[in-house]
Colleague: 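For reference, the structure I am asking about is given below.
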Amino acid sequence: MIMNNIHKLTKREVYFGIILSIVIKVAILSFIIQEHKKIDSEKFSSFVYITNDYNYFLKPVDNLFESGKFSYDGETIFAGRLPGYWFPYLIIHSFFNKEVSIVFLITLQILLSILASILFSKLVYFFSKLKTFFYLSIIIYSSNLLLIPFEYMTMTESFSASSFIIGFYFFYRFYLKNSIKILLISGIFLGWMVFLRPFLIGFFLIPIFQILTTKKYFNLIFFLLPILIAEFSWISRNYITKNEFIPLRTSNYVSYGKIYSKSWLSIRKLINAWGEDSAYFEENSLAHWFRRKDHRTENQVIPKSALKNVNYEISDIVKLKSLYQNFIKNNQMKCDSELDLLIKKKSDNMHDNFKKNNFFKYHLNKWYRLKYMFFKSGSSYLSIMKNNKLTYSIIKGFGLIYYLCFLILGVMYLFKGVLKKENKFYIFLLSAILIFILIFVYYAPVLESRYFIVPFISLIFCSLVNFKNINVHLIKKNFNNL
């Protein structure tokens with residue numbers, strides 16, 4: 001057993017780590033929530049911040065208990081999201097009212113995050129052999145300002161990060177104990193991670209790659225069993241209720257109607273082709289200028305490269321914006337109306353023309369857009385009052401240093417491990433991150449830094465386990481013996 005060569009943590013040390021994690025979590029969350037309430041108190045229910053994503057994930061559950069129909073719009077049976085987030089809420093809501101259920105759901109998020117910080121730190125300890133690294137890892141994980149804001153919000157990021165850590169902890173324990181029961185637990189949590197955020201599928205493949213190298217295919221069946229059961233149940237439910245084969249989810253247009261109309265999806269595709277930010281809720285984005293009230297002029301927001309070698313002019317883009325805003329503001333205008341389809345046609349024509357006449361630039365922009373996910377401050381989701389400039393500057397500065405430090409160190413040690421062929425782990429992890437990147441380059445329409453949380457956590461892990469010993473002898477020994 002790998003653990004035979006490692007002095008185990010005592011119960012007292014683990015309990016102290018749990019207390020440390022709780023104290024840090026409560027202290028940071030209390031401060032952040034207090035600050036956030038000063039800015040936007042109306043969206044709070046107790047200590048829970050109700051985001052717009054609440055409607056996309058949890059509103060159908062509320063409608064089920066209010067009207068008896070699991071629907072977003074009150075009419076159509078909803079299959080717009082995998083049940084990773086709304087199913088736990090459904091179970092809780094079966095026993096409590098809406099307000100209490102939301103509080104319980106977010107409390108569960110926070111508790112799982114505390115558990116994840118402990119298990120993450122134990123993994124670091126297993127590979128470093130230093131008890132100080134166990135406590136240091138708790139502090140580092142618990143002070144991740146990219147992750148912390150989502151722990152009190154109705155969004156999937158906290159659960160997906162926790163299930164990632166818990167799943168991999170039990171996968172590691174499986175090789176220590178050779179227990180199928182533990183392997184099933186790993187499969188449950190990593191399968192849940194995929195149901196929360198399907199674009200994390202690459203990280204789900206890491207245990208599969210590892211099991212395949214051992215040629216113990218019986219183990220693979222047990223690891224896959226939870227997600228196969230969940231997927232079969234989801235497909236069956238959709239076929240029974242909607243008479244359709246839906247393995248993942250229905251399109252945004254089908255799921256949410258006018259807010260993701262065909263015209264908007266087409267405009268968003270055009271914005272992406274230009275290499276611009278298509279997240280309309282970001283105030284500095286081109287999508288915001290298209291969709292919402294924006295005081296910037298067209299010359300300030302439309303990139304000059306969008307007008308090179310094309311048969312449309314900047315005035316055509318302004319007209320397109322005007323048409324769309326008339327459509328979105330007119331409550332009488334429905335999806336697939338004449339105006340909706342006209343806007344889609346005009347936008348598609350612009351997109352195809354730009355792609356045809358700027359082929360290299362078009363494909364380069366797909367990769368250029370990654371900056372909207374990677375090149376962030378590390379604390380962009382924090383809502384902190386700016387009136388206390390010193391406190392604000394310290395928090396923002398810490399978030400930036402934290403993010404850049406672990407991003408750079410993590411990438412450096414990751415490639416070092418791959419190039420020196422020190423063990424399979426680095427190759428599998430790099431493969432997972434590359435799959436993640438390719439999904440966002442060629443498939444995902446909107447890029448946000450919150451989607452990078454799980455890959456970022458894996459880079460933090462790489463940084464910590466390599467910090468003590470640059471030649472990573474311990475990791476090589478542990479993973480090559482799996």
Side-chain angles (χ1 to χ4, degrees), residues 2 21 82-85 87-88 108-127 137-138 141-142 144 147 150-151 156-214 216 219-231 234 424-426 428-433 435-436 439 451-462 464-465 475 478-479 482:
I2 296 172
S21 178
L82 284 167
Y85 199 52
F87 188 70
L108 179 61
Q109 273 187 187
I110 296 172
L111 291 176
L112 279 184
S113 180
I114 292 171
L115 175 61
S117 71
I118 299 300
L119 300 186
F120 174 85
S121 302
K122 288 185 73 174
L123 283 172
V124 173
Y125 167 70
F126 290 155
F127 299 129
S137 298
I138 291 174
Y141 187 91
S142 301
N144 184 350
L147 171 63
F150 299 105
E151 294 180 352
T156 64
E157 272 61 41
S158 179
F159 270 153
S160 60
S162 297
S163 58
F164 166 69
I165 295 297
I166 297 170
F168 271 96
Y169 174 82
F170 278 102
F171 184 72
Y172 181 79
R173 295 292 298 177
F174 160 69
Y175 276 99
L176 299 180
K177 301 290 186 179
N178 195 28
S179 167
I180 293 299
K181 184 185 296 184
I182 294 177
L183 182 62
L184 279 171
I185 295 174
S186 174
I188 289 171
F189 277 98
L190 290 177
W192 185 28
M193 175 192 73
V194 174
F195 267 60
L196 286 162
R197 284 303 189 189
F199 55 72
L200 296 173
I201 185 65
F203 294 89
F204 182 80
L205 296 177
I206 292 178
I208 296 177
F209 293 154
Q210 176 59 44
I211 293 173
L212 289 176
T213 61
T214 64
K216 296 180 179 179
N219 291 341
L220 182 61
I221 295 173
F222 276 93
F223 175 76
L224 292 173
L225 189 60
I227 196 171
L228 290 176
I229 293 174
E231 181 63 15
W234 176 241
K424 298 169 294 214
F425 167 72
Y426 287 111
F428 295 159
L429 179 57
L430 178 60
S431 299
I433 293 176
I435 291 171
F436 169 85
I439 288 173
Y451 301 148
F452 186 55
I453 288 175
V454 166
F456 182 55
I457 290 173
S458 69
L459 294 178
I460 295 174
F461 178 79
C462 285
L464 290 173
V465 298
I475 294 184
N478 287 337
F479 278 92
L482 293 182

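Along the sequence shown, residues carry numbers from 1.
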Colleague: Quick check: do R197 and E157 have side-chain heavy atoms less than 4.5 Å from each other?
Modeller: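 R197 vs E157: side chains touch.
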
Colleague: Are the side chains of P455 and F436 in touch, meaning some heavy atoms are under 4.5 Å apart?
Modeller: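 Heavy-atom side-chain distance check passes, below 4.5 Å.
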
Colleague: I need the minimum non-hydrogen distance between S142 and S21, along with the two atoms involved.
Modeller: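 Taking every non-hydrogen atom into account, OG-OG, 3.8 Å.
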
Colleague: Could you check whether F223 and F204 have their ring centres less than 6.0 Å apart?
Modeller: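 That pair passes the under 6.0 Å test.
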
Colleague: Angle between ring planes, F159 versus W192, binned at 30° and 60°: parallel, tilted or perpendicular?
Modeller: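 Judged by the thresholds at 30° and 60°, the geometry between F159 and W192 is tilted.
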
Colleague: Stepwise, does the ring-ring contact (aromatic ring centres under 6.0 Å, His included) test hold for F168 with F164?
Modeller: CA-CA 6 Å; F168 271 96; F164 166 69; 5.1 Å; yes

Colleague: F456 vs F452 aromatic rings, parallel, tilted or perpendicular, using cut-offs 30° and 60°?
Modeller: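 Answer is tilted, since the angle falls between 30° and 60°.
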
Colleague: So, F189 versus Y169, ring centres under 6.0 angstrom or not?
Modeller: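 Aromatic pair excluded; centres sit 6.0 Å or further apart.
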
Colleague: For residues S113 and S158, is any side-chain donor paired with an opposing acceptor at under 3.5 Å?
Modeller: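 Judged by distance alone, the side chains do not pair up.
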
Colleague: State, with a plain yes or no, whether a side-chain heavy atom of S458 is found less than 4.5 Å away from one of I433.
Modeller: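 Side chain of S458 against side chain of I433, heavy atoms only: contact under 4.5 Å found.
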
Colleague: Apply the test ring-ring contact (aromatic ring centres under 6.0 Å, His included) to residues Y141 and F461: give CA-CA distance (whole Å), side-chain angles for both, the deciding distance (0.1 Å), then the verdict.
Modeller: CA-CA 9 Å; Y141 187 91; F461 178 79; over 10 Å; no

Colleague: Please tell me if the side chains of E231 and F195 come closer than 4.5 Å, counting only heavy atoms from C-beta onward.
Modeller: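 E231 reaches F195 side chain to side chain.
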
